[in-house]
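Starting from 1, each residue takes its place in the sequence as its number. Note that ligands are numbered from 1 as they come in the structure, with each ligand's atoms numbered from 1 the same way. Because the structure is predicted, anything quoted here is derived from the model rather than measured.
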Amino acid sequence: MTLTAKRMLLLGSENAFKVGDDIRRAEALGTSVIKLNLGEPDFDSAPNINQAACQAIAAGDAHYCDPQGLLSLRRSIAASVFKSRGVRVDPDQVVVTCGGKPPIGYSVLTYVDPGDEVIYPNPGFPIYESWIKFVEAIPRPMMLKEERSFRLDLDDLAPLISENTKLIILNSPSNPTGGVLTKDDLVAIATLLKERAHPQFRILSDEVYEKILFDGRRHESILSLPEMRAHTILLNSHSKTYAMTGWRVGYAVLPSVEEAQIFRQWNINTYSCVPPFIQRAAQQAIDDAQNDEIVSKMTAEFERRRDRVIDALNEIPGVRCVKPAGAFYAFPNIAGVIRHLDIMERYEALLRPGCQPVDPSTMFQLFALYRHGVATLDRAAFGINGSFGQHYLRISLASDTATLMTGVRRLAAAAVDREGWLRFAREESQLLIAHGPTGGR
Ligand code: PLP
């Protein structure tokens, strides 16, 4: 008998949190680290939002409340969904959650049995794959390609959809690629689903970056398509839009009141309710028009940084980076660097029976961190299935321009440092093994 349940072997994680251990170790070894790994805006929540929470606490609004979410907040959410997507939803279809993550787990737990198939973007937010594997569903990664600016390719999607497809996860704008789905993409996805899926499928549409769009783009939501309304769970969060990552507030809009009751029940079984003073602040964020202005300014700043960083990345020999259309990440292709440093040679040398080295892009990520002082995330952090042989990094734009440019210069230095790489690979070979896909990352 083992102490922990067998299913615990199936639970994944999010490297954005785990890379912190490597950063601390690199710093303890004397390296100053530029942190381009962070998936949260480098802005603070707006004063009007902060005040709303403080006032609510002062007024004693700090007791248990409706597990589904305060009705006044659910009304605001319903109104904002109508305004942005032209869809009328009953506030009873809305469930307020602790950030955007719970609706991912709730959706998988609610709709997916072992053996059912779940389609999800890869590269994509790692928590999708974690839950899919946890419930012993069959993961069907939908590979996003650089040559299509990481919008999904319908020719790739079509064969993934079958009578066994229970859930399809969409994420636009995307973490980590910044790819954005167009209205035409969504219409085509809807047509394919109608043609090929069992009528009981659900779409989980993760739109947490909906307001962070560049070059004047408009957000398109599959919920706006009348034929998809009855199938779609909208997932949203205040974390990125209103720079409220630590507040832990988000929500799901369910296709029916009955399904919302199930999500409410998940809340009851986990954290009972989102703290009411947090919900008052969340409502303030949506209702007060000055926050639209604040969000626009933040997005404009991300766009300026994007332009500088993408140009600088494209000047590094061996690096190629498409311009993200939204979110706040760059996702450069580093295949040329892997070749130049001969990282595959080291990978193959470490690959022996019983020894699973980390992916080549992870090797470069660790080298850049430990020897050149720049923290990024590796390709494997965004879905293991199907990721091997794809050489990318994720660079967050959530630092001021000077910091970003220093980080990019450090990456440029790492990209041509053959001698440094060989020394690192020799001296730190344990690091390149212990972190392998089966090494708990
Ligand atoms: N969905 C995506 C695509 C994300 O990138 C994140 C956070 O990084 C989340 C959901 C979860 O957001 P939250 O921090 O609100 O739980």
Side-chain angles (χ1 to χ4, degrees), residues 12-20 35-43 45 49 69 73 77 95-108 118 120-132 141-142 144 150-152 167-181 203-213 219 221-222 233-253 263 266-267 270-271 274-275 278-279 281-282 285-286 295 302 324-331 376-377 381-383 394-398:
S13 188
E14 188 184 351
N15 278 12
F17 286 103
K18 294 177 102 182
V19 78
K35 300 178 184 79
L36 306 186
N37 56 303
L38 301 170
E40 61 173 343
D42 55 322
F43 298 86
S45 45
I49 297 174
L73 172 57
I77 292 167
V95 181
V96 180
T97 53
C98 274
K101 265 182 184 164
I104 301 172
Y106 293 178
S107 298
V108 174
V118 183
Y120 63 105
N122 184 321
F125 190 49
I127 299 306
Y128 308 144
E129 202 173 77
S130 172
W131 277 108
I132 294 165
M142 173 164 67
L144 305 180
F150 299 107
R151 281 162 46 207
L152 64 91
L167 186 67
I168 165 163
I169 304 178
L170 301 178
N171 174 220
S172 174
S174 143
N175 174 13
T177 68
V180 166
L181 295 171
I203 301 166
L204 176 65
S205 187
D206 180 341
E207 303 182 18
V208 304
Y209 295 94
E210 67 162 312
K211 296 235 194 312
I212 307 176
L213 279 168
H219 178 62
S221 169
I222 200 155
I233 303 144
L234 169 67
L235 181 170
N236 217 331
S237 161
H238 279 47
S239 296
K240 320 286 174 171
T241 306
Y242 301 108
M244 291 174 72
T245 49
W247 293 72
R248 310 310 304 137
V249 61
Y251 57 88
V253 180
F263 276 39
W266 281 119
N267 273 356
T270 49
Y271 43 77
V274 175
I278 301 281
Q279 296 194 55
I286 296 174
V295 174
F302 284 140
F328 47 84
Y329 309 108
F331 198 62
T376 58
L377 288 182
F382 298 98
R394 191 195 77 174
I395 294 170
S396 167
L397 302 175

Near Gly100, which atoms of ligand 1 are under 4.0 Å from a heavy atom of that residue?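 The list of qualifying atoms is 12 (O), 13 (P), 15 (O), 16 (O).
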Report, in ascending order of atom number, the atoms of ligand 1 lying under 4.0 Å from any heavy atom of Gly99.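 Listed by number with element: 15 (O), 16 (O).
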side-chain contact (heavy atoms from CB on, under 4.5 Å) evaluation trace for Ile212 with Thr241: CA-CA 7 Å; Ile212 307 176; Thr241 306; 5.6 Å; no
Protein contact of atom 6 (C) of ligand 1 - nearest heavy atom, named by residue and atom, plus distance: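 Ranking protein heavy atoms by distance from atom 6 (C) of ligand 1, first comes Phe125 CZ, 3.4 Å.
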For atom 7 (C) of ligand 1, what is the closest protein heavy atom, and at what distance to 0.1 Å?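 Answer, as residue, atom name and distance: Lys240 NZ, 3.1 Å.
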side-chain contact (heavy atoms from CB on, under 4.5 Å) partner of Ser205, chosen from Ile168, Ile222, Leu181: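 Of the listed options, the one satisfying the test is Ile222.
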Which residue in the set Leu204, Val95, Asn267 passes side-chain contact (heavy atoms from CB on, under 4.5 Å) when paired with Tyr106?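 Exactly one candidate clears the test, Asn267.
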Pairing of Lys101 and Glu14 as salt bridge, 4.0 angstrom limit: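 Result for this pair is yes, salt bridge flagged.
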Just to check, does [X] reach to within less than 4.0 Å of ligand 1 when the distance is taken from its heavy atoms?
{"X": "Glu40", "answer": "no"}
{"X": "Arg248", "answer": "yes"}
{"X": "Tyr128", "answer": "yes"}

Measure the acute angle between the ring planes of Phe125 and Tyr128, then classify it against the limits of 30° and 60° as parallel, tilted or perpendicular.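 Answer is perpendicular, since the angle exceeds 60°.
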Could you say whether the N/O atoms of Asn171 and ligand 1 ever approach to under 3.5 Å?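 Between Asn171 and ligand 1 (N or O atoms, distance only) the closest approach is not under 3.5 Å.
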Geometric cation-pi criterion Arg394 and Tyr329, 6.0 Å radius, 45° cone: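 Flagged: Arg394 positioned over aromatic ring of Tyr329.
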Taking atom 1 (N) of ligand 1 as the point of reference, which of Asp206, Thr97, Asn236, Ile127 owns the nearest heavy atom?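 Nearest heavy atom to atom 1 (N) of ligand 1 lies in Asp206.
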